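The block underneath contains the structure these notes are about, expressed in structure tokens.
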Amino acid sequence: MEHNGYKVREKGKSIVVEGVGDFNPVHIFECGQCFRWVRQDDGSYTGVAAGRAVNVSFLNEKLIIQNSTKEDFADFWHNYFDLGRDYSKIKAMLSKDDIMRKAIEFGWGIRLLRQDIWETLISFIISANNRIPMIMKTVAAISKVYGTRIEFDGKDYYSFPSAESLRDSEIEQLEVCRGGFRCKYILQTAKAVAGGFVDLSKLGAMSTPDARDSLMKLPGVGPKVADCVLLFSGTKHDVFPTDVWIKRVMEELYFKREASMKEIQDFAAGYFGSLAGIAQQYLFYYARENKIGSN
DNA sequence: TTGCAGGGGTCAA
DNA sequence: TTGACCCCTGCA
């Protein structure tokens, strides 16, 4: 495993990691890639990933993960936070113009999480024509109804349920989670994944266009959702999820005119290449936080 | 207080 | 290519 020169030590039930760079919990958890991390009063974030409930903070150049161990860190969190990747190098490569330099300066601590692809798939089906607080509520509700309870710090958290757990649900029960018209897509997708119609674990070995097409066979998954699933699960980094925010920022800052989805995607592929997805996150966070393009 | 537009897209016609 | 769509929030 690549180590990147950081040092991990245990301190009670927490681990403290020194030497991690390019890491800012606010940037990471609020750049739109995840829906399971909740900001606490002290600025830290508590969340659930792969059945683990932890609290994450970054203070005095130290990454602190409460409710973890060195083994757990090596086995899971290192990969989850993409710590084997040198973001300083990536940022230098992406700093091709003033727009990207500004966006990177603004969201300097973004890292692309490597989230469970099944959870990412359902989360982004829910994201269609929806708002972030609502998406978070629905994902939390699904976890509470169908997932497994995890106790942490005197509170109850819930793992995200497997496809098998969701497959046998009645649509009425799923609708309790307030997913609206997306509930039928969730149920059908759970049946398709649990039944092996689409093997999510095989997407990484496929070409990006093939992986995209495979995901788009699933109900509720169009081009934007497919790209988000590939990017935020760490499966493919050369996609450029193009939602309304990205469309606005690209039109306003790069094209200086209206542009079609295809034009934007083609431009991103040519200009950012294999790092297009990471560029997208810096641009998205910059655009949304600064309301660029919203009149 | 009530009413209405619109949101990190997708689907169907 | 265009409108409907669950649900909720913000704002007349």
Side-chain angles (χ1 to χ4, degrees), chain A residues 26-38 103 106-107 110 112-113 115 117 119-142 144-145 169-193 198 212-233 236 239-253 258-265 268 276-295:
Chain A
V26 177
H27 297 169
I28 291 170
F29 296 130
E30 309 216 7
C31 70
Q33 60 180 327
C34 54
F35 304 106
R36 291 280 271 162
W37 292 90
V38 180
F106 185 78
I110 289 174
L112 275 286
L113 297 174
Q115 303 177 83
I117 191 167
E119 177 175 345
T120 309
L121 171 61
I122 297 303
S123 299
F124 279 89
I125 286 175
I126 295 166
S127 82
N129 191 235
N130 208 344
R131 295 171 175 206
I132 292 172
M134 269 304 303
I135 302 166
M136 293 179 76
K137 276 185 194 170
T138 302
V139 175
I142 289 175
K144 187 166 184 180
V145 173
S169 168
E170 298 296 327
I171 190 75
E172 291 80 10
Q173 193 185 7
L174 201 49
E175 282 167 350
V176 172
C177 303
R178 314 277 78 178
F181 63 85
R182 308 162 194 85
C183 289
K184 57 182 181 289
Y185 302 147
I186 294 170
L187 190 54
Q188 287 164 13
T189 291
K191 289 182 201 288
V193 171
V198 171
R212 204 168 183 254
D213 288 344
S214 296
L215 283 171
M216 285 175 60
K217 287 179 191 159
L218 296 166
V221 181
K224 191 271 179 182
V225 169
D227 284 348
C228 285
V229 172
L230 291 172
L231 183 57
F232 302 137
S233 62
K236 299 286 179 185
V239 293
F240 195 75
T242 305
D243 54 46
V244 293
W245 285 101
I246 285 296
K247 189 166 187 294
R248 284 177 197 152
V249 72
M250 295 303 284
E251 288 176 342
E252 182 156 323
L253 301 180
E258 296 223 332
S260 69
M261 293 293 178
K262 183 174 180 352
E263 279 182 302
I264 291 169
Q265 298 253 317
I278 304 178
Q280 192 269 7
Q281 277 301 276
Y282 292 115
L283 287 168
F284 176 79
Y285 185 63
Y286 180 59
R288 193 161 66 84
E289 296 292 315
N290 295 289
K291 305 200 184 311
I292 290 175
S294 60
N295 300 339

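Residue numbering restarts at 1 for every chain, and letters A, B, ... go by the order of the sequence lines. Note that the structure is a prediction, hence the values are computed from the model and not measured.
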Report task. Provide the distance between the two P atoms, one in dC7(C) and one in dT1(B), to the nearest whole Å. Result -> 23 Å
Query raised in the report: Rounded to the nearest 0.5 Å, what separation is found between the CD1 atom of Ile246(A) and the CD atom of Gln281(A)?
Result: 8.0 Å
Query raised in the report: Roughly how far, to the nearest 0.5 Å, is the CD1 atom of Ile186(A) from the CD1 atom of Ile126(A)?
Result: 4.0 Å
Query raised in the report: In dot-bracket form, how is DNA chain C paired, counting a Watson-Crick or G-U wobble pair only if both its distances are under 3.5 Å and using | for bases paired to another strand?
Result: |||||.||||||
**Report entry** Check: Asp243(A) side chain, Trp245(A) main-chain N or O, donor-acceptor pair, under 3.5 Å
**Finding:** yes
Query raised in the report: Say you pick atom P in dT2(B) and the same atom in dC6(C); how far apart are they, in whole Å?
Result: 25 Å
Report task. Determine the interatomic distance between C1' on dC8(C) and the same-named atom on dC11(B); round to the nearest Å. Result -> 22 Å
Query raised in the report: Can you tell me how far CG of Leu231(A) sits from CG of Leu113(A), rounded to the nearest 0.5 angstrom?
Result: 10.0 Å
Report task. Look up atom CZ in Arg178(A) and atom CG in Asn130(A), then write down how far apart they are to the nearest 0.5 Å. Result -> 12.5 Å
Requested in this report: Provide the distance between the two P atoms, one in dT1(C) and one in dG8(B), to the nearest whole Å.
Outcome: 23 Å
Query raised in the report: Which whole number of Å gives the distance between the C1' atom of dG3(C) and that of dA5(B)?
Result: 15 Å
**Report entry** Phe240(A)-Phe284(A) aromatic ring centre distance below 6.0 Å
**Finding:** no
Could you list the protein-to-nucleotides 7-12 of chain B atom pairs, N/O on both sides, closer than 3.5 Å?
from, atom 1, to, atom 2, distance (Å)
dG7(B), O4', Arg131(A), NE, 3.4
dG7(B), O4', Arg131(A), NH2, 3.4
dG8(B), O6, Gly32(A), O, 3.4
dG8(B), N1, Gly32(A), O, 2.6
dG8(B), N2, Gly32(A), O, 3.3
dG9(B), OP1, Val244(A), N, 3.2
dT10(B), OP1, Gly222(A), N, 2.7
dT10(B), OP1, Gly222(A), O, 3.0
dT10(B), OP1, Lys224(A), N, 3.4
dT10(B), OP1, Val225(A), N, 2.9
dC11(B), OP1, Gly220(A), N, 2.8

**Report entry** Beyond-backbone contact of Phe232(A) with Cys34(A), side-chain heavy atoms, under 4.5 angstrom
**Finding:** no
**Report entry** Gap between atom CG of Asp227(A) and atom NZ of Lys224(A) - 0.5 Å precision
**Finding:** 9.0 Å
Requested in this report: Take atom NZ of Lys262(A) and atom P of dT1(C), then tell me their distance rounded to the nearest Å.
Outcome: 14 Å
